[in-house]
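Everything below concerns the one structure shown next.
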Amino acid sequence: RSPAPSAVAPEPAATAKLEADYLGRWTGVEGMFLNVTKRAGGGVTLEMQWDLDHKGTFPGSVTAEGLRFTRDGKDEIAVPSDGDATGLKWLAGKKDCLTVKQGEGYCRG
């Protein structure tokens with residue numbers, strides 16, 4: 001087997017390792033959450049409540065940048081960050097987080 005070119009998707013083992021890093025429950029503020037589970041056939045499922053009025057489940061994929069998904073017709077990506085990067089006071093100081101955009105983030109622990 002020849003090595004994969006660097007611009008191509010990561011090897012399956014690398015993708016599985018990345019995916020494992022995202023699986024589980026992430027907690028936001030005021031009842032917001034992100035629950036990432038393995039999807040049959042590949043990829044992940046993101047179950048989330050992203051504000052007080054909106055909740056949904058979306059298919060996603062793990063990439064080198066983070067978790068990619070489409071919500072309400074818009075491509076989004078939840079990138080690894082710390083709590084300070086979320087812009088949310090309640091998450092400040094936390095180390096293991098995902099940020100979708102300023103004011104939307106989820107952390108573990």
Side-chain angles (χ1 to χ4, degrees):
R1 216 171 111 150
S2 62
S6 60
V8 177
E11 289 290 316
T15 301
K17 162 74 173 97
L18 276 175
E19 191 174 274
D21 291 342
Y22 292 105
L23 297 177
R25 189 169 181 88
W26 302 77
T27 305
V29 298
E30 298 176 346
M32 306 316 138
F33 69 88
L34 168 62
N35 192 34
V36 182
T37 55
K38 230 173 164 45
R39 191 172 69 227
V44 293
T45 297
L46 288 75
E47 176 193 0
M48 60 194 336
Q49 172 122 20
W50 64 94
D51 65 28
L52 293 173
D53 301 317
H54 297 93
K55 185 177 188 175
T57 303
F58 310 95
S61 60
V62 175
T63 69
E65 297 84 22
L67 289 173
R68 290 190 174 277
F69 62 101
T70 301
R71 180 174 67 195
D72 296 336
K74 184 174 187 240
D75 290 336
E76 303 276 11
I77 185 163
V79 299
S81 67
D82 61 19
D84 296 343
T86 68
L88 297 163
K89 188 169 113 180
W90 186 79
L91 299 178
K94 295 193 178 281
K95 301 292 179 215
D96 188 10
C97 304
L98 295 171
T99 300
V100 177
K101 59 187 170 220
Q102 189 70 15
E104 182 187 353
Y106 310 90
C107 298
R108 295 197 214 244

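Taken from CG in Leu88 to CD in Glu30, the straight-line distance is 9.0 Å, to the nearest 0.5 Å. Going from atom OG1 of Thr37 over to atom CD of Glu19 covers 9.5 Å, rounded to the nearest 0.5 Å. Note: Trp26 CH2 to Leu46 CG = 11.0 Å, rounded to the nearest 0.5 Å. Interatomic distance, CE of Met32 versus CG of Leu52, reported as 4.0 Å (0.5 Å rounding). Here the CD1 atom belonging to Ile77 is positioned 4.0 Å from the CZ atom belonging to Arg68, to the nearest 0.5 angstrom. With rounding to the nearest 0.5 angstrom, the CZ atom of Arg108 is 9.0 Å from the CG atom of Leu34.
Residues Phe58 and Leu23 are members of one and the same hydrophobic cluster, defined by side-chain heavy-atom contacts under 4.5 angstrom among Ile, Leu, Val, Met, Phe, Trp and Tyr. Residues Val36 and Leu91 fall into different hydrophobic clusters, defined by Ile, Leu, Val, Met, Phe, Trp and Tyr side chains chained together at heavy-atom separations under 4.5 Å. One hydrophobic cluster holds both Leu18 and Val100 under the rule that ILVMFWY side chains link at heavy-atom gaps under 4.5 Å.
Not one N or O on the side chain of Thr70 forms a donor-acceptor pair closer than 3.5 Å with the backbone of Gly73. Between the Asp82 side chain and the Asp84 main chain, a donor and an acceptor come within less than 3.5 Å of each other.
Within 6.0 Å of the NZ atom in Lys55, the count of heavy atoms belonging to other residues, nucleotides or ligands does not exceed 12.
Legend: residues meeting side-chain hydrogen bond (donor to acceptor under 3.5 Å, both in side chains) with Glu104, ordered by chain and number and at least two apart, are Arg71, Tyr106.
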